[in-house]
Amino acid sequence: MQGNRQKIFDYVFLKADEVGYMALDSSLSSKFQDALQEDKNLIELAGEKLSRNYIKDTILNNYSKKQRYINKEDVLNIFHELDESNIIGSKKDLENGLFEINYQDNKIICTSSSFSEWQTVFKRFGKKDKRNPRFAFLTCGGVKKSFDEIKDTKNIIESYGINTFIVKPNEEPLSIQKYISTSNERLGLSIELSKPFLLLAGISGTGKTRFVRKQVENNKDSNISENYCLTSVRPDWHEPSDILGYISRLGRDDNAEYITTDVLEFIAKAWCAIIDAGLKLEPKGNGLAIKGDKSELEQVLPYWLCLDEMNLAPVEQYFADYLSILETREWQWDDEQFTYCCDSLLKSATIKQLKDKSKLRNALDFADERYDDAWDLFCEYGLGLPFNLIVAGTVNMDETTHGFSRKVIDRALSFDFGDFFPNEFDHFFEPTVTHNTLSYPIYSQASIDKLPPIDNDGNKSINFLKSINEVLDDTPFQLAFRALNELLLAVISAYPEDDKQLQAVWDDFLMCKVLPRIEGDHDKLAIIDDSVNSHEESLLTELTAILKQELVDIWSMEDDQDKLRPDLYRKNIDGSVLYIACRSKAKLTWMQQRLERSGFTSFWP
């Protein structure tokens, strides 16, 4: 061959595009090859007549490979803001492996596959990543697919949280900026909480109640009337019947009648959503279990119950039943199949006391015939906590409210609202930061196979908690198995990719689970060491010294840009990662100063 090889290949590729070579059957393909052999322009470019074998096995074989595999140019044709520097990976990675798109602090794991072998995408990605969007590029090999065929395939893949794009022929270009900023809400990749019970503490007017409402509004599939319930706690609440209802015998013939509450009716509404999603409800032991597939689970939206001014009444009293039942939740996973069970909140023995159960059924909105089987099971086994219920209590700490026992704090995620979601006056009209969308947990027990590679055996997190317990040992604030399990669940949920992200998880765990337990005067927080006599040394200063070592990558204030950590609960308004200073360092400093100033300190603002 005497001519320019690249020009020869380009000419043949152009001709192949014109005839739709990839869609030709063997007969038409053979005729096309014959035509190329006699093509005068090709003979002129090559300086000779090319053999049929060379045309077929070399040039057209290269063309077929180019159509079956993607390259950087295909990715750039989809996302017009990118250039080649944003795409990290070799030619082989793009064709048969994993590669990355790095864009504005977002690292997106990508893979590719032929359209006909789209199942390969699942094998490449493996474990589902709950924090970052993932991209799959399917190449149609130059053959245009029908709209319905593309839609059906994309729906299957995207139901697993994988964003799917069609190339060769390409879909219309889109903005990766817009995509990244909306991907969590659009594909349900919200952040799973490690516990479905939140305490939002802060001074009045910071937006605690509105935050809960916005969680519903930010999910385009939710609506306020269906997925949100605001209940104002009354100071005279002292027992569970105040929030869950009770049996009354004041009716005719002394017949028992159950008096429901807004809270119980909302819990029933959350159960209806589970049943409507097609999940299976069946007996298990003395209670009920929900069984289903992960793809079905992802269709069940969170139901947010907001208990406003939660500690106007003693939480340990009126919320006792919920606090106990909360710890009986159990998730079991077998690949993509799950089982969820929980003890009953409304006991079957209570329901069985009712002579006319239809009144309770109507009150709980189970009257429709599609709930017949479920209602029979509820009557027999009781009504438990639905997994999609998230309880958020707003909290003010002043002379009119009650404090929290460690029983409550241990069972909740406590947020100092001013630290996690600060009011920024300068951005009142044009906010620069937005909240991440939160969702209910889907694990109750940490499992080693679900931990991220950065802490694949859990030892980093375990040793971190052990170092904390060395300071808290022989104090009322010492941590136990429940704390360790919830730390590991937080790691699984956040799925950190490096040490800085892992330490950000630890930092938030300190703020939500450890520091809220610590309160007292100089004597209660004194270091048990005869050599220490100064009030300036306390359990808080000792904890600070330990954390300076354990959180070495993020232990800084705002002036050290290299040690800022990613915010796991907020992001910039454009969807990019928001970096902040270490929360626990600032909080420990504040608590120690408060102790020195007034002789007493606590976590609560």
Among Phe99, Phe125, Phe79, Tyr103, exactly one meets ring pair (Phe, Tyr, Trp, His ring centres under 6.0 Å) together with Phe135. Which residue is that?
Phe79
Quick one: does NZ or CZ of Lys214 land under 6.0 Å from the six-membered ring centre of Trp304, within 45 degrees of the ring axis?
no
Between Trp331 and Tyr443, is the ring centre distance below 6.0 Å?
no
Who passes side-chain hydrogen bond (donor to acceptor under 3.5 Å, both in side chains) against Asn572, sequence neighbours left out?
Ser576
Can a side-chain donor-acceptor contact be found between Thr437 and Asn218 if the only test is distance below 3.5 angstrom?
no
We want to know whether Thr206 and Asn423 form a side-chain donor-acceptor pair, criterion being a heavy-atom distance below 3.5 angstrom.
no
Would you say CD of Gln119 has more than 12 non-hydrogen atoms from neighbouring residues, nucleotides or ligands within 6.0 angstrom?
yes
Does the ring centre of Phe415 sit less than 6.0 Å away from the ring centre of Tyr569?
yes
Suppose we screen for side-chain hydrogen bond (donor to acceptor under 3.5 Å, both in side chains). Which residues come up paired with Lys563, at least two apart in sequence or across chains?
none
Partner of Asp410 under salt bridge (charged side-chain N to carboxylate O under 4.0 Å, His left out), picked from Lys195, Arg517, Lys513, is Arg517
Residues at least two apart in sequence or cross-chain that pass side-chain contact (heavy atoms from CB on, under 4.5 Å) with Leu76, listed by chain then number, are Leu82, Glu84, Ile87
Does any pair with a residue in residues 447-472 pass ring pair (Phe, Tyr, Trp, His ring centres under 6.0 Å), and if so which ones, sequence neighbours excluded?
Phe464-Trp506
For Ser85, give me all partners under side-chain hydrogen bond (donor to acceptor under 3.5 Å, both in side chains), at least two apart in sequence or on another chain.
Asp83
Mind checking what makes side-chain hydrogen bond (donor to acceptor under 3.5 Å, both in side chains) contact with Asp508, not counting sequence neighbours?
Arg565, Arg583
Pick out which of Glu519, Met591, Lys524, Glu596 makes a side chain to side chain contact (heavy atoms under 4.5 Å, CB included) with Thr601.
Met591
